[in-house]
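Proteins come first, then strands; the chains are lettered A, B, ... in the order of their sequence lines, and each starts at number 1.
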Protein chains: 2
Amino acid sequence: MAGHLPVFDRLLEIALLIQEDLANFFTGTGLTSSRTHLLWELHRLGPCTQQALASALNVTPRNVTGLVDALEAGGFVERRLHPNDRRATLVTLTELGSKTTAEMVRGRELIASQLVAGFGEDHLDRLSRDLDAIAYRLHEMVNTERPSTDATA
Amino acid sequence: MAGHLPVFDRLLEIALLIQEDLANFFTGTGLTSSRTHLLWELHRLGPCTQQALASALNVTPRNVTGLVDALEAGGFVERRLHPNDRRATLVTLTELGSKTTAEMVRGRELIASQLVAGFGEDHLDRLSRDLDAIAYRLHEMVNTERPSTDATA
DNA sequence: TATTGTTATACTCTATAACTATA
DNA sequence: TATAGTTATAGAGTATAACAATA
């Protein structure tokens, strides 16, 4: 019966630490976490429209405008003409942007490997499966409209 | 050599989902995540000064002023006179605040148990230990000034 | 002199609504 | 008519700096 809270608390703690750690990692690049996130999606998606970024980041198009403005001012991305649609802009990484995302990839790998250094193959597999299960259940919980815990008035 | 990235990615995913889920849980209470966080710390610490809250939340005292203003307006907390120090205020939970934090405790336990439902005792222990190790390493990473990954210019 | 909380100011993220230019 | 991106406006979180009251 006991034993599940420690897991949850650890996960929460880890969630916060990962954020801190990642933030720490990018301090000095002049990037906020939102801008970092956009840059990361751009790296994953390749050049794309602001609409696509808005969907990927789950924010409004207006919000993307602001983030792209800032990243453009910082020299990380460029707005280019869309070949087929003159309404749209194609947001693309500049050289600095590419260098930065390459750095992000390396940093992510470094942190990832340090996190579980010394864990054997089987150990990693087992842990991965557990986390898979947990992530799956969380997805379910998020998508299931919470059945109202009767939060009082 | 391979196998650590999945773990990291899952942890990141879980981190985001937990946030979403918790946010979801408190939608309707009219509480933002920052205010929820303050309420939670107040629940953990008991009545305390804004300075103490600022330390606990790792934000500036000025920030706490704003959050307490909002929570006070919402009827969740009260500012009381500090018995020994007339400069300070003692922030305390109102009845509504206490009811809300009690709800938070229940919600946390519900989520926590659903997360690992069906995991046996040994399984939970093993997982807890793994997460302990990971949290420990993250603490180390955050506290160790990143040894400069040579982020270029 | 140091500390507690506040006012003043500013920046970032975020959202909605109305508008322009395309499609 | 619908879509892509923008301007206008607003609210929340956060920070620094200056200031009042109190220690």
Side-chain angles (χ1 to χ4, degrees), chain A residues 16 19-20 22-24 26-42 45-92, chain B residues 16 19-20 22-24 26-42 45 47-74 76-92:
Chain A
L16 289 176
Q19 275 181 244
E20 257 187 83
L22 289 181
N24 200 25
F26 293 109
T27 302
T29 58
L31 288 171
T32 64
S33 65
S34 294
R35 292 169 196 176
T36 302
H37 192 179
L38 191 151
L39 222 53
W40 181 254
E41 288 302 326
L42 202 51
L45 300 172
C48 60
T49 66
Q50 296 187 188
Q51 282 291 337
L53 286 170
S55 298
L57 298 173
N58 229 319
V59 297
T60 60
R62 176 60 184 91
N63 199 341
V64 172
T65 298
L67 296 174
V68 170
D69 282 350
L71 286 167
E72 198 171 31
F76 294 97
V77 306
E78 270 177 10
R79 279 184 170 98
R80 297 199 182 150
L81 299 174
H82 192 289
N84 312 323
D85 189 338
R86 283 195 299 173
R87 295 170 303 179
T89 61
L90 219 48
V91 184
T92 51
Chain B
L16 290 175
Q19 274 180 245
E20 256 185 84
L22 290 181
N24 202 23
F26 293 110
T27 302
T29 58
L31 288 170
T32 63
S33 64
S34 294
R35 292 170 195 176
T36 302
H37 192 180
L38 192 151
L39 221 54
W40 182 253
E41 288 303 325
L42 202 51
L45 300 171
C48 61
T49 65
Q50 297 187 187
Q51 281 292 336
L53 286 170
S55 298
L57 298 174
N58 231 319
V59 297
T60 60
R62 176 60 186 94
N63 199 342
V64 172
T65 297
L67 295 173
V68 171
D69 282 351
L71 285 167
E72 200 172 30
F76 295 96
V77 306
E78 270 178 9
R79 280 183 169 98
R80 295 197 182 152
L81 299 173
H82 192 289
N84 312 324
D85 188 339
R86 284 196 297 173
R87 294 171 302 180
T89 62
L90 218 48
V91 183
T92 53

What is the distance from [atom1] of [X] to [atom2] of [N], rounded to the nearest Å?
{"X": "A:Leu57", "N": "D:dG5", "atom1": "CG", "atom2": "C1'", "result": "16 Å"}
{"X": "A:Leu53", "N": "D:dT6", "atom1": "CG", "atom2": "P", "result": "12 Å"}
{"X": "B:His37", "N": "D:dG13", "atom1": "NE2", "atom2": "C1'", "result": "14 Å"}
{"X": "B:Arg79", "N": "C:dT4", "atom1": "CZ", "atom2": "P", "result": "15 Å"}
{"X": "A:Leu81", "N": "D:dG5", "atom1": "CG", "atom2": "P", "result": "12 Å"}
{"X": "B:Gln51", "N": "C:dT3", "atom1": "CD", "atom2": "P", "result": "9 Å"}
{"X": "A:Leu39", "N": "C:dC13", "atom1": "CG", "atom2": "P", "result": "13 Å"}
{"X": "A:Gln19", "N": "D:dG13", "atom1": "CD", "atom2": "C1'", "result": "14 Å"}

### Message
Does A:Leu42 form a side chain to side chain contact (heavy atoms under 4.5 Å, CB included) with A:Cys48? I'd like the steps, not just the answer.
### Response
CA-CA 7 Å; A:Leu42 202 51; A:Cys48 60; 3.8 Å; yes

### Summary
CD of B:Gln19 to CG of A:Leu16, rounded to nearest 0.5 Å, is 7.5 Å

### Message
As an exercise, state the distance from NE2 of A:His82 to OG1 of A:Thr89, rounded to the nearest 0.5 Å.
### Response
9.0 Å

### Message
Just to be sure I understand the rule, does B:Thr60 reach a base, reach only the sugar-phosphate, or reach nothing, if contact means heavy atoms closer than 4.0 Å?
### Response
base

Reckon [X] has a side-chain N or O less than 4.0 Å from the OP1 or OP2 of [N]?
{"X": "B:Gln50", "N": "C:dT4", "value": "no"}
{"X": "A:Ser34", "N": "C:dT14", "value": "yes"}
{"X": "B:Thr49", "N": "C:dT4", "value": "no"}

Listed by chain and number, what are the side-chain contact (heavy atoms from CB on, under 4.5 Å) partners of [X], not counting sequence neighbours?
{"X": "B:Glu20", "answer": "A:Val142, B:Leu17"}
{"X": "B:Arg87", "answer": "B:Asp85"}
{"X": "A:Arg86", "answer": "none"}

### Query
Going by number, which of residues 63-72 of chain B have a non-hydrogen atom under 4.0 Å from DNA chain D?
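When residues 63-72 of chain B is checked for heavy atoms under 4.0 Å from DNA chain D, the hits, listed by number, are B:Asn63, B:Leu67.
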
### Message
Across nucleotides 17-23 of chain C, 5' to 3', mark each nucleotide with B, S or - according to how protein heavy atoms within less than 4.0 Å reach it.
### Response
----BBS

Would you tabulate the side-chain donor-acceptor contacts of residues 52-68 of chain A under 3.5 Å, counting partners in other chains and residues two or more places apart, or write 'none'?
{"from": "A:Ser55", "atom 1": "OG", "to": "A:Gln51", "atom 2": "O", "distance (Å)": "3.3"}
{"from": "A:Thr60", "atom 1": "OG1", "to": "A:Asn63", "atom 2": "N", "distance (Å)": "3.3"}
{"from": "A:Thr65", "atom 1": "OG1", "to": "A:Pro61", "atom 2": "O", "distance (Å)": "3.3"}

### Query
When you measure from the side chain of A:Ala88, which nucleotide among D:dG5, D:dA15, C:dG5 comes out closest?
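Output: D:dG5.
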
#### Entry: Listed once per pair and sorted, the salt bridge (charged side-chain N to carboxylate O under 4.0 Å, His left out) pairs that draw on residues 32-41 of chain A, sequence neighbours left out
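The answer is A:Glu41-A:Arg44.
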
#### Entry: With sequence neighbours excluded, residues passing side chain to side chain donor-acceptor pair (under 3.5 Å) with B:Glu78
B:Arg80

### Query
Between A:Thr32 and B:Leu90, who's closer to the 5' end of DNA chain C by nearest nucleotide?
B:Leu90

